[in-house]
Amino acid sequence: MAQPTSGVRVRFAPSPTGRLHIGGARTAIYNWAFARATGGTFILLIEDTDPERSTEENVQVILNAMKWLELDWDEGPEVGGEAGPYFQMQRMGTYADALEQLKAAGAAYPCFCTKEELDQKRALAEKTEGGYAGYDRTCRALDEKEAQSRIDAGEPHVWRLAVPENHGPIEFEDAVYGHMSFPAEVMDDMILVRSDGSPTYNFAVVCDDVNMGITHVIRGDDHLSNTPKQVLIYEALGKPVPTFAHLSMILGPDGKKLSKRHGATSVEEYRDRGFLPDAMVNFLALLGWSLDGETTIMSRDVICGNFSLDRVTKKDAVFDETKLSWMNGQYIQKMGASEWVRKSWPWLARAFSEGYPYMHSAIIPTPEPDEPSTEPEPLTEEQWAAFDDDYAAHPAFYEALYPLVAERETSLTECESKLAYMFWGPCVWLDEKSVNKILRKEGARAEEALHACRAVLADEGNAWECAVLEQKCKDLAEPLDMKLRNLLQPLRVAFSGNMVSPPLFESIELLERKDVLARIDACLDIVFGSK
RNA sequence: GGCUCCGUCGUCUAGCGGUUUAGGACGCCGCCCUCUCAAGGCGGAGGUCGAGGGUUCGAAUCCCUUCGGAGCUACCA
């Protein structure tokens with residue numbers, strides 16, 4: 001299965017164990033970007049040797065995450081390729097072949113020590129000798145014939161790598177860490193094949209990388225210490241050692257390895273929280289790599305066109321969600337209305353559903369800032385149908401919402417709360433705090449302002465256009481001797497229910513005159529008891 | 001314990017012996033803009049480059065020591 005290796009071949013090999021971890025995603029991005037930058041081939045290989053978790057469904061989860069990030073692979077599941085199959089479970093034959101080769105070369109030997117025996121020895125060594133030095137090579141001394149007869153008798157055994165005696169330091173080049181050297185004496189006669197015949201990780205990766213013609217192994221830092229062991233396997237196999245590139249760890253805000261305790265750790269979670277794939281890729285690319293030290297926002301094309309291993313840092317990086325949010329906001333500003341509508345679908349549907357069918361107008365208590373975020377009820381089929389109908393009837397309306405929130409959103413989810421008022425029809429939910437601060441404020445003349453603005457909005461002579469309505473309302477300030485702020489904030493509250501909202505007249509323009517007037521009337525009635 | 005790696009503003013980073021009074025970005029503070037909130041513009045605080053020794057005319061950049069952090073040390077991957 002020797003591959004013609006012309007050019008760069010890199011691979012990302014995730015285990016389908018549930019979700020695509022942030023660290024894994026970055027590894028995938030670096031492999032992908034490196035392949036694209038060098039005109040090489042990006043291969044996706046599924047490490048599905050754990051039968052417990054490697055379900056069809058979990059494989060799909062990984063694939064979906066890769067697709068969501070828009071990391072296209074040249075060879076792998078669904079697209080095939082000449083170096084396949086791309087599932088380790090389907091490559092068992094290649095591992096068996098490799099073992100045979102090692103046996104023939106005398107580079108592997110059977111070991112009959114049981115797990116229990118080894119655990120005991122390890123425990124003892126840790127107590128008495130101040131540390132376990134690795135397998136004591138008991139079975140390596142076994143007579144070949146004796147070993148064979150025990151195998152023939154069906155005695156359980158594993159196959160170990162016979163680390164060469166007097167092997168000088170094990171050295172290899174790492175594109176990130178530079179020249180690496182490990183003393184061979186501390187290398188364990190590691191297990192290659194387990195007693196059940198399955199290959200261990202270190203053996204399987206080497207076989208795969210050899211057979212797939214991988215030229216650059218770009219992977220997590222946690223494999224750095226595994227690398228000399230793997231180099232030994234390459235040597236035993238008589239194969240050239242690829243270039244390695246180890247990526248530093250991604251840490252949580254507390255400086256500890258990123259884990260569930262830090263909150264969201266999978267790309268799926270970020271997707272569900274309204275993050276854009278472009279922002280994720282841009283942000284993750286910058287976690288350990290830089291273009292020039294200055295550029296922060298960069299497109300996939302720029303990343304792919306300029307990615308290089310020699311600008312990858314060795315230092316562990318803390319995952320700073322604040323910066324990710326900022327970056328996401330930058331991408332939301334640039335994405336455009338139609339894409340925004342398409343991607344904001346779930347949250348727009350929620351915003352729509354809250355206002356449908358229209359509820360009554362009322363003052364509602366201001367939510368506590370430390371609200372216990374409860375999982376929202378999923379929308380019913382009915383609600384979805386109603387939303388779909390509404391969108392079909394007013395597609396332009398939905399696109400017009402984009403400029404209202406584009407530069408105010410840091411995540412797509414925010415449109416649900418920020419735009420809720422746009423779906424209230426003739427009703428308004430008045431935020432209690434806003435009512436007290438704006439409408440009921442002593443000496444603010446809010447009621448007077450509201451009546452005046454209402455008159456402008458009610459005047460059929462005024463075109464229902466943002467610029468016209470805004471100008472006419474602002475013209476009220478002078479005769480009334482009011483500050484714009486005092487004049488318009490009451491209108492904002494009466495219309496949107498809150499003292500903080502997206503642009504006022506731009507919003508009003510998108511709704512019907514009768515609904516806007518109805519809201520003002522409801523507000524006047526509820527707050528001031530006047531009509 | 002052993003092996004290995006890392007250490008520049010709070011965070012992501014630039015820096016590869018002199019062009020550096022250590023640059024950019026997020027965050028923070030202030031000002032401007034302004035009907036709110038944002039966005040945007042401008043400005044500011046914040047690192048003496050983990051510490052201590054060298055080498056050198058000159059070091060964040062080279063060497064040594066030291067401290068701190070991390071990874072590996074499985075019939076897990």
Side-chain angles (χ1 to χ4, degrees), chain A residues 13-15 17 47 49-50 53 88 111 113-115 118-119 122 125-127 129-135 156-160 174 176-177 180-183 185-188 190-202 204-205 220-229 246 248-249 251 253 255-257 283 286-297 311 313-327 329-330 333 405-410 418 434 438 470 473-474 477 483-493 496 498-505:
Chain A
S15 302
T17 50
E47 287 191 352
T49 49
D50 180 346
R53 295 183 288 184
Q88 283 190 328
C111 170
C113 299
T114 63
K115 182 125 187 344
L118 295 173
D119 286 345
R122 187 178 302 120
E126 269 163 14
K127 265 192 202 144
E129 292 162 39
Y132 179 62
Y135 178 56
H157 61 284
V158 301
W159 286 90
R160 287 182 182 273
D174 190 290
V176 176
Y177 288 96
M180 300 292 297
S181 179
F182 292 74
E185 304 80 61
V186 299
M187 288 299 128
D188 205 1
M190 80 195 101
I191 292 172
L192 267 15
V193 174
R194 303 187 188 98
S195 49
D196 67 357
S198 64
T200 58
Y201 165 77
N202 281 313
V205 262
D221 200 342
D222 45 339
H223 291 296
L224 192 57
S225 309
N226 280 325
T227 307
K229 301 177 187 177
H246 288 95
S248 60
M249 217 99 271
L251 275 20
K256 297 273 161 58
K257 192 170 171 179
F283 181 75
L286 250 23
L287 224 51
W289 174 80
S290 65
L291 209 200
D292 53 14
E294 308 275 301
T295 316
T296 305
I297 300 288
R311 289 195 64 84
T313 43
K314 305 191 243 261
K315 199 181 145 193
D316 291 343
V318 172
F319 187 84
D320 178 12
E321 208 176 280
T322 316
K323 190 164 181 177
L324 205 211
S325 290
W326 164 79
M327 192 173 277
Q330 294 290 308
Q333 281 189 56
V405 290
E407 57 198 29
R408 267 162 268 267
E409 277 190 342
T410 210
K418 284 189 159 67
S434 298
I438 303 296
E470 177 173 350
C473 281
K474 282 183 173 174
K483 285 186 174 162
L484 279 178
R485 183 189 186 88
N486 289 333
L487 176 70
L488 298 175
Q489 277 298 78
L491 178 60
R492 182 187 304 283
V493 175
S496 75
N498 203 294
M499 57 198 275
V500 176
S501 83
L504 184 53
F505 293 99

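Lettering of chains follows the sequences in order, A, B, ..., and the numbering in each one begins at 1.
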Please list, chain by chain and in numerical order, all residues satisfying side-chain contact (heavy atoms from CB on, under 4.5 Å) with A:Val193, sequence neighbours excluded. A:Leu99, A:Trp159, A:Phe203

Under 3.5 Å, N/O pairs linking protein and nucleotides 43-49 of chain B:
none

Close N/O contacts between protein and nucleotides 29-33 of chain B (under 3.5 Å):
none

What pairs with A:Gln333 under side-chain contact (heavy atoms from CB on, under 4.5 Å), at least two apart in sequence or on another chain? A:Gln330, A:Glu407

Aromatic ring pairing A:His223/A:Tyr201, orientation class (parallel under 30°, perpendicular over 60°, tilted between): parallel

Give the rounded distance in Å between these two atoms: CG of A:Asp188 and C1' of B:rU4. 16 Å

For A:Ser198, which residues count as a side-chain contact (heavy atoms from CB on, under 4.5 Å) partner, sequence neighbours excluded? A:Arg194, A:Asp196

By side chain to side chain donor-acceptor pair (under 3.5 Å), which residues pair with A:Ser501, not counting sequence neighbours? A:Arg492

A:Phe505: what forms a ring pair (Phe, Tyr, Trp, His ring centres under 6.0 Å) with it, not counting sequence neighbours? none

Could you go over nucleotides 62-72 of chain B and give all protein N or O partners under 3.5 Å, atom names and distances?
unit_1: B:rG71; atom_1: N2; unit_2: A:Ser225; atom_2: OG; d: 3.1

Excluding sequence neighbours, so at least two apart, what forms side-chain contact (heavy atoms from CB on, under 4.5 Å) with A:Lys257? A:Met249

Give me the distances for all protein-to-nucleotides 34-38 of chain B N/O pairs that come in under 3.5 Å?
unit_1: B:rC35; atom_1: OP1; unit_2: A:Lys474; atom_2: NZ; d: 3.1
unit_1: B:rC35; atom_1: O2; unit_2: A:Arg492; atom_2: NH2; d: 2.3
unit_1: B:rC35; atom_1: N4; unit_2: A:Glu470; atom_2: OE2; d: 3.4
unit_1: B:rU36; atom_1: O4'; unit_2: A:Gln489; atom_2: OE1; d: 3.1
unit_1: B:rU36; atom_1: O4'; unit_2: A:Gln489; atom_2: NE2; d: 3.3
unit_1: B:rU36; atom_1: O2'; unit_2: A:Met499; atom_2: O; d: 3.1
unit_1: B:rU36; atom_1: N1; unit_2: A:Arg492; atom_2: NH2; d: 3.2
unit_1: B:rU36; atom_1: O2; unit_2: A:Ser501; atom_2: N; d: 2.8
unit_1: B:rU36; atom_1: O2; unit_2: A:Ser501; atom_2: O; d: 2.8
unit_1: B:rU36; atom_1: N3; unit_2: A:Arg492; atom_2: NH1; d: 3.2
unit_1: B:rU36; atom_1: N3; unit_2: A:Ser501; atom_2: O; d: 2.7
unit_1: B:rC37; atom_1: O2; unit_2: A:Arg408; atom_2: NH1; d: 2.8
unit_1: B:rC37; atom_1: N3; unit_2: A:Arg408; atom_2: NH1; d: 2.4
unit_1: B:rA38; atom_1: O2'; unit_2: A:Glu407; atom_2: O; d: 2.5
unit_1: B:rA38; atom_1: N1; unit_2: A:Glu407; atom_2: OE2; d: 3.3
unit_1: B:rA38; atom_1: N3; unit_2: A:Glu407; atom_2: OE2; d: 3.4

Return the polar atom pairs (N/O with N/O) between nucleotides 21-27 of chain B and the protein under 3.5 Å, or none.
unit_1: B:rG23; atom_1: N2; unit_2: A:Gly293; atom_2: O; d: 2.9
unit_1: B:rG24; atom_1: O4'; unit_2: A:Glu294; atom_2: OE2; d: 3.4
unit_1: B:rG24; atom_1: O2'; unit_2: A:Glu294; atom_2: O; d: 3.3
unit_1: B:rA25; atom_1: O4'; unit_2: A:Thr296; atom_2: OG1; d: 3.4
unit_1: B:rA25; atom_1: N3; unit_2: A:Lys323; atom_2: NZ; d: 3.0

Is B:rU34 paired to anything, Watson-Crick or G-U wobble with both distances less than 3.5 Å, and if yes, which nucleotide? none

Nearest to the side chain of A:Arg160, heavy atoms from C-beta on, is which of B:rC75, B:rG15, B:rG2? B:rC75

Check side chain to side chain donor-acceptor pair (under 3.5 Å) between A:Arg311 and all other residues, then give those that pass, not counting sequence neighbours. A:Ser290

When A:Ser290 and A:Gln333 are each assigned the nearest nucleotide of RNA chain B, the 5'-most assignment goes to A:Ser290

